[in-house]
Amino acid sequence: MEKLTQNAISRLLNGENVSKPCLQVLAYKRVVSEGQPRYRLMLSDGTHSFQTCIMMGPLIPRLEKGEFERFTIIQLNQYVVNTVQDNKKVIVILDPEVKWKGTEINGKIGSPEMFNFGAPSNSNTNTCGGRILAPSNPSPLRNPAFSARSSTTNGSGLFHSRNTSGEPFNEQRGISSSPNLDMNLNICRIQDINPYLNRWAFKGRATAKTPIRTWSNAKGEGKVFSFDMQDDSGEIRITAFKNECDRYYDLIEVGKVYTVTKGTIKTANRKFSQVNHDYEITLNSDSIVLPSDDNDRHCPKITFKFVKIKDIANYNVDSIIDVLGICRDVSELVTLTQKNTGRELKKREISLIDDTETEIRLAFWGNEAENFSASEGSVVMVKKARVSDFNGKSLTSVSSSFVQIDPQLTEAYGLKGWYERMRDNMQITKLSVNSATSDSGTWRTLNEVSVESISSNGGSLVFSAKATIVQVGRTQIYMSCPTTGCKKKLVDMNNGFYKCDKCQRDFDNYSPRIILSLAISDSLNEVWISMFHDEAEKILGVNGGELMAMKDNDETQFDELMTSLNFKSFIFRLRSSIDHYKEETRVRTTVLSVSPLNLVEYGKKLLSKLREMDI
DNA sequence: CCCCCCCC
């Protein structure tokens, strides 16, 4: 009997702080709740037994390997007491430690009775908070034992130090006046999270979750996933590496509310995260992430702000939007090779339309592309799709995107109804060029290369133009890293070796890379463009090594070759994008490809253009 | 500690 913690069951169900209680496993069974497998255990302290003790996530394999067999005595190093619907309590076991194996005990200790909430000694059950962290964890979270305040909420306790009197919500949350609450825990609004907070915690709803991704590079390898959390003040991104990745991946479910405390707060890099917050959080071994009250009033339910497809035209590249559309077409899975890295990519495109009678194409990648299946006419909802400039304007699904086919939403039913009425009677405008059917896409003249015109096009424009080289600027030939896909400029160690900072390696060789700066002109404008290696080799007719040798050994020949580019005309495939450099905003244009000007073909193109114009 | 989200 002394192996078990006396009255632990009644004490902790009554909201008391019980440090590392030892309990005996009497039974368990597998259940599936909201699609997630978990185990429900009956635990006993010798006096009482309680049968809604939950193990989930990473504990499941341990349990299934027999670690917590019947009669095992486990010590709960970390656990949470949750209140679920009808004020029922659930003990969530987070960190069980086996004290005695079931075979060592081989029998039930004491004569435990089923714990009864109706018993007089438990009359204050409802006034106690439900969510308790074992104090063994040196955490600022303790049983707050809120009384009056939390009783007005749905009974879940720990983080209900918020004022529930209906005051404006931008008061600092969680600084409780409760005399029992000797903690310095700052329940922050998510928007207020910053690296200068000493002790903080926040509560938010998971709005997105990425798959686990593994990496391997010069610095090492590992795995990682991220999730986004939102309260009524804002949203923040949380990232979990390696151990924390394993620990939290199964726990986090989109739509659920969690309380988070401890972790590294660092500056968010807007380049990589579209979440609107200056900071992001990396979980570490001290971090605590607890399932919380999914109905918390500070954590609004996930909402969708569907952008009408027609209006996507006005969104900048890289914007993150929600979209709802009828799937008009699903392309085959295609495999393509990434030019820079040689990596193989799998892609599937679908096209979406809505009642603005506008069509946009949406790309899925990798597994998502392989697994995507929806038929023509179904409604496709994507939360957090990224606006892209591929083939005009298009959308792409990213790791934090959430895709649903035929969602149970009023808007979806409305859209479906519209489609059934209108499907044969529509004038569809396309925002995306279908890459399968397009020639080289849109043709433009160089007067359209201006900050104003590119800006109004979402910051980037890909187009074809016929133009003539009118000036050759600086020609750079540099020693680049010979690693496939790495073009980093090498540092000459002057000992026969060249160092790549990116690959963190020394090489005894390098590959010469060319960058040309050219002014090209058509009848309307002159534009400076950058032309990189492959395309430069094409128009120069020499390779990088030859050009480098020529520049070193025969400058006259080199100058002649460069000068010979003047007044040559080509069909350029160009990308112009807005570039912010220091205080300046300007357009940067790079060559995607260059092809010879075929006068007959080009003439035909102009003719058909004239006919279109009805001249 | 990732930082890839790709394609013309």
Side-chain angles (χ1 to χ4, degrees), chain A residues 208 210-227 237-246 249 263-264 266-275 280-285 317-320 331-349 361-369 382 384-403 432-444 460-465 485 502 504 532 534-535 571-577 589-595:
Chain A
T210 72
I212 292 176
R213 191 168 51 83
T214 56
W215 82 86
S216 170
N217 60 28
K219 290 180 209 155
E221 54 182 61
K223 51 177 156 177
V224 63
F225 89 103
S226 296
F227 57 104
R237 163 151 288 201
I238 302 180
T239 301
F241 290 98
K242 298 174 184 174
N243 290 341
E244 287 70 42
C245 177
D246 288 337
Y249 186 76
T264 313
K266 47 188 196 179
T267 309
N269 190 336
R270 303 273 178 162
K271 202 168 135 196
F272 303 123
S273 159
Q274 297 70 39
V275 170
E280 59 188 24
I281 293 171
T282 300
L283 298 179
N284 54 43
S285 55
V317 167
D318 291 343
S319 303
I320 296 290
S331 78
E332 294 298 307
L333 184 71
V334 293
T335 304
L336 40 95
T337 310
Q338 195 170 21
K339 208 175 176 182
N340 287 345
T341 62
R343 210 149 55 104
E344 206 173 71
L345 304 170
K346 288 204 161 66
K347 175 180 115 161
R348 190 194 301 275
E349 282 184 5
R361 293 183 73 80
L362 165 66
F364 296 106
W365 300 91
N367 286 338
E368 231 192 335
V382 186
K384 298 196 177 198
R386 177 192 277 200
V387 176
S388 141
D389 62 353
F390 181 66
N391 273 338
K393 251 315 160 36
S394 56
L395 294 173
T396 183
S397 175
V398 295
S399 60
S400 48
S401 301
F402 176 63
V403 183
S432 328
V433 185
N434 184 340
S435 44
T437 58
S438 76
D439 52 351
S440 39
T442 326
W443 288 74
R444 290 178 192 271
S460 174
L461 210 55
V462 175
F463 61 99
S464 298
K502 195 172 162 195
Q504 306 217 314
F532 296 102
D534 295 351
E535 304 310 308
I571 304 295
F572 294 93
R573 184 106 178 113
L574 300 168
R575 172 192 271 127
S576 293
S577 46
T589 303
T590 60
V591 178
L592 296 173
S593 66
V594 59
S595 37

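Each chain gets a letter, A, B and so on, in the order its sequence line appears, and its residues count up from 1.
Taking only side-chain nitrogens and oxygens, Lys242(A) never comes nearer than 4.0 Å to OP1 or OP2 of dC2(B). Close to dC2(B), at under 4.0 Å from its OP1 or OP2, lies a side-chain N or O of Trp215(A). The phosphate of dC6(B) has OP1 or OP2 within less than 4.0 Å of a side-chain N or O from Arg386(A).
Checking dC6(B), dC8(B), dC2(B) against every side-chain atom of Gln338(A), the shortest atom distance belongs to dC6(B). Set against dC8(B), dC2(B), dC6(B), the side chain of Thr239(A) has dC2(B) as its closest nucleotide. Distances from the side chain of Glu280(A) to the nucleotides dC8(B), dC2(B), dC7(B) place dC2(B) closest. Side-chain proximity of Ser399(A) to the nucleotides dC5(B), dC1(B), dC8(B) is greatest for dC5(B). When distances run from any side-chain atom of Asn217(A) to the nucleotides dC8(B), dC3(B), dC7(B), the shortest one goes to dC3(B). For Lys266(A), the side-chain atoms get nearest to dC2(B) when compared with the rest of dC2(B), dC8(B), dC6(B). The side chain of Leu345(A) lies closest to dC6(B), out of dC1(B), dC6(B), dC7(B).
In this entry the distance linking CZ of Arg573(A) with C1' of dC8(B) reads 5 Å, nearest Å. Following rounding to the nearest Å, Ile238(A) (CD1) and dC2(B) (C1') show an atom-to-atom distance of 16 Å. Between Leu336(A) atom CG and dC4(B) atom C1' there is a gap of 14 Å when expressed in whole angstrom units. The separation between Arg575(A) atom CZ and dC7(B) atom P is 7 Å, rounded to whole Å. Going from atom NZ of Lys347(A) over to atom P of dC7(B) covers 9 Å, rounded to whole Å. Atom-to-atom, CG of Leu333(A) to P of dC7(B) comes out at 17 Å; the value is rounded to the nearest Å. One atom, CD of Glu344(A), and another, P of dC7(B), lie 15 Å apart when rounded to the nearest Å. Ile212(A) places its CD1 atom 17 Å from the P atom of dC2(B), with the value rounded to the nearest Å.
Counted by atom type alone, Arg386(A) and Thr396(A) present zero donor-acceptor pairs between their side chains at under 3.5 Å. Looking at Thr282(A) and Thr239(A), their side chains never bring a donor and an acceptor atom within 3.5 Å of each other. Donor-acceptor pairing under 3.5 Å is recorded for the side chains of Ser576(A) and Thr589(A).
For Phe402(A), the ring-ring contact (aromatic ring centres under 6.0 Å, His included) criterion is met by no residue, not counting sequence neighbours. Contacts of Ala268(A) classified as side-chain contact (heavy atoms from CB on, under 4.5 Å), with partners at least two apart in sequence or in another chain: Glu280(A).
Within the nucleic acid shown, Lys346(A) has no heavy atom closer than 4.0 Å to any nucleic acid atom. Within 4.0 Å of Asn284(A), counting heavy atoms only, lies no atom of the nucleic acid at all. Residue Gln274(A) is out of contact with every strand shown, counting any heavy-atom pair closer than 4.0 Å.
Distance check: Phe227(A) CZ to Tyr249(A) OH gives 12.0 Å after rounding to the nearest 0.5 Å.
With hydrogens and angles ignored, no donor-acceptor pair closer than 3.5 Å exists between the side chain of Arg343(A) and the base of dC4(B).
We find that the ring of Phe390(A) and the base of dC7(B) stack, their centres lying under 5.5 angstrom apart and their planes tilted less than 30°.
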